[in-house]
Colleague: 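The structure that follows is given in the form of structure tokens.
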Number of protein chains: 2
Amino acid sequence: MDVSSLTLNRLSLYLRCLRTLQEEGTERISSQQLAERFDLSAPLIRKDLAQFGEFGIRGIGYEVDHLIDRLHSALGLDQQHPLLVVGMGRLGTALARYLGFNDATFRVVAVLDNDAEKVGKEVGDLTIRHTDELEEIVREYGVELGVLTVPAEAAQPMYDALVDAGVQAVLNFAPVSLQLRPGLPSKSVDFRIHLEELVYFLLAKED
Amino acid sequence: MDVSSLTLNRLSLYLRCLRTLQEEGTERISSQQLAERFDLSAPLIRKDLAQFGEFGIRGIGYEVDHLIDRLHSALGLDQQHPLLVVGMGRLGTALARYLGFNDATFRVVAVLDNDAEKVGKEVGDLTIRHTDELEEIVREYGVELGVLTVPAEAAQPMYDALVDAGVQAVLNFAPVSLQLRPGLPSKSVDFRIHLEELVYFLLAKED
DNA sequence: CCATGTGAACAAATTCACAGCA
DNA sequence: TGCTGTGAATTTGTTCACATGG
């Protein structure tokens, strides 16, 4: 089976919403009800969910608890995935702390910087280590995911270093188009691009 | 003309790349050369560019300077757009400073929080103001864009407050699906969803 | 009866293939 | 000749419509 990014992202949204519903004590929900919350169509939601099996009950809807369990494991979220953050500037520090509440799925095991001044300082309950130790750290903790929050100039070499050190997927926050390793999952998050998109929509609305 | 988000996001990437090329002194570039940098197909890039006019020279390619000018104005980036950031936690602070180098396109004119403790503190060269002053601030500076970096629980009410105060587009960093105002451009950036997507790809690679 | 699951219809995005022009 | 610009073909994603089953 081959699930698209679009579907995966929506599934993450559904899952988060379902957890809220669970806390509120809701036991069942229909695709129609979910659709209203997300401004999506009900058949789309059913198609998304159906990619992982038949979770629903005809005539009734989906059982919240059951659906959460199935989605959670289908998405690989029931295992813990060690990650590290490279680049302890403002954004990297903020992200490391934000992600650092270490839930069952993600665990920030190390934070790194290549600036000797920063090495040794504390970020949350972690101590900043030098990027020279990258390979060792990846082996030590079985790091799967790397988060890149270095300046634009440093992003490509650090991406390469991460991959060479054995990191299996990369989330990049540097505003550059990386030359990616084929077959290695990675995503870029780029605030400026989102802002520029919004600006265009404003322009377009003026006619 | 109606340009898709996908196209717009790629245009922003091209533009950034073109500026780098310009600095390096490159005068011309072909769609093929651009395609290699982004792992895209050359016809796709030509289609993207062609939505705004015929910028290229057949047999030669695109003139870097000219293409930058045209894209820049087509995307509405030659006017300055005042924005404000609501939520001066770690992420909001980091973003405000990150965006706060105030280039020709974006200018952070105010940073806000609803916590009286934080009001009055400095973030970069701005002083944190209280969210009660939202409407006044929007009017004062002609704020067009709002960036939301408040905790999940506060996101919906603060989104509504932003829109009611006259903000014309919103970039949301809170991990929730907002109930959006019809016709008002907005985007959500959600780190957790990107991480979850990467995890799924890792799982899928194992077969 | 009612909401799911799904094949068929439709729409959007991308690639292909090539005409047209420097 | 070489690269752009673009209609046609293809692939991908979404919606429609309905058969199915609790």
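Quick note on labels: first sequence line is chain A, next is B, and so on, each numbered from 1.
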Colleague: On DNA chain C, reading 5' to 3', which nucleotide is the first and which the last to sit with an atom under 4.0 Å from a heavy atom of chain B, could you check?
Modeller: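 It runs C/dA13 to C/dA22.
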
Colleague: Hey, what's the ring geometry for B/F52 with A/Y200, parallel, tilted or perpendicular (30° and 60° as the breaks)?
Modeller: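 Answer is perpendicular, since the angle exceeds 60°.
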
Colleague: Using 4.0 Å as the upper bound for N to carboxylate O, is an ion pair formed by B/E140 and B/R129?
Modeller: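 The answer is yes: the pair qualifies as a salt bridge.
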
Colleague: Under 4.0 Å, heavy atom to any atom of DNA chain D: which of residues 20-56 of chain A qualify?
Modeller: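 Under 4.0 Å from DNA chain D: A/S41, A/P43, A/L44, A/R46, A/K47.
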
Colleague: Heavy-atom distance under 4.5 Å between the side chains of B/E63 and B/I57, does that happen here?
Modeller: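 They are in contact (side-chain heavy atoms under 4.5 Å apart), so the answer is yes.
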
Colleague: Could you check whether the rings of B/F191 and A/Y98 sit parallel, tilted or perpendicular, using 30° and 60° as the cut-offs?
Modeller: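 Ring orientation of B/F191 relative to A/Y98: perpendicular.
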
Colleague: Measuring only between side-chain heavy atoms, which start at C-beta, is B/M88 closer than 4.5 Å to B/L112?
Modeller: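 Side-chain contact under 4.5 Å: no.
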
Colleague: Any side-chain donor-acceptor pair under 3.5 Å between B/E197 and A/S5?
Modeller: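 Yes, a side-chain donor-acceptor pair sits under 3.5 Å.
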
Colleague: Flag the pair B/L8 / B/L75 as yes when at least one side-chain heavy-atom distance between them is below 4.5 Å, and no otherwise.
Modeller: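 They are in contact (side-chain heavy atoms under 4.5 Å apart), so the answer is yes.
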
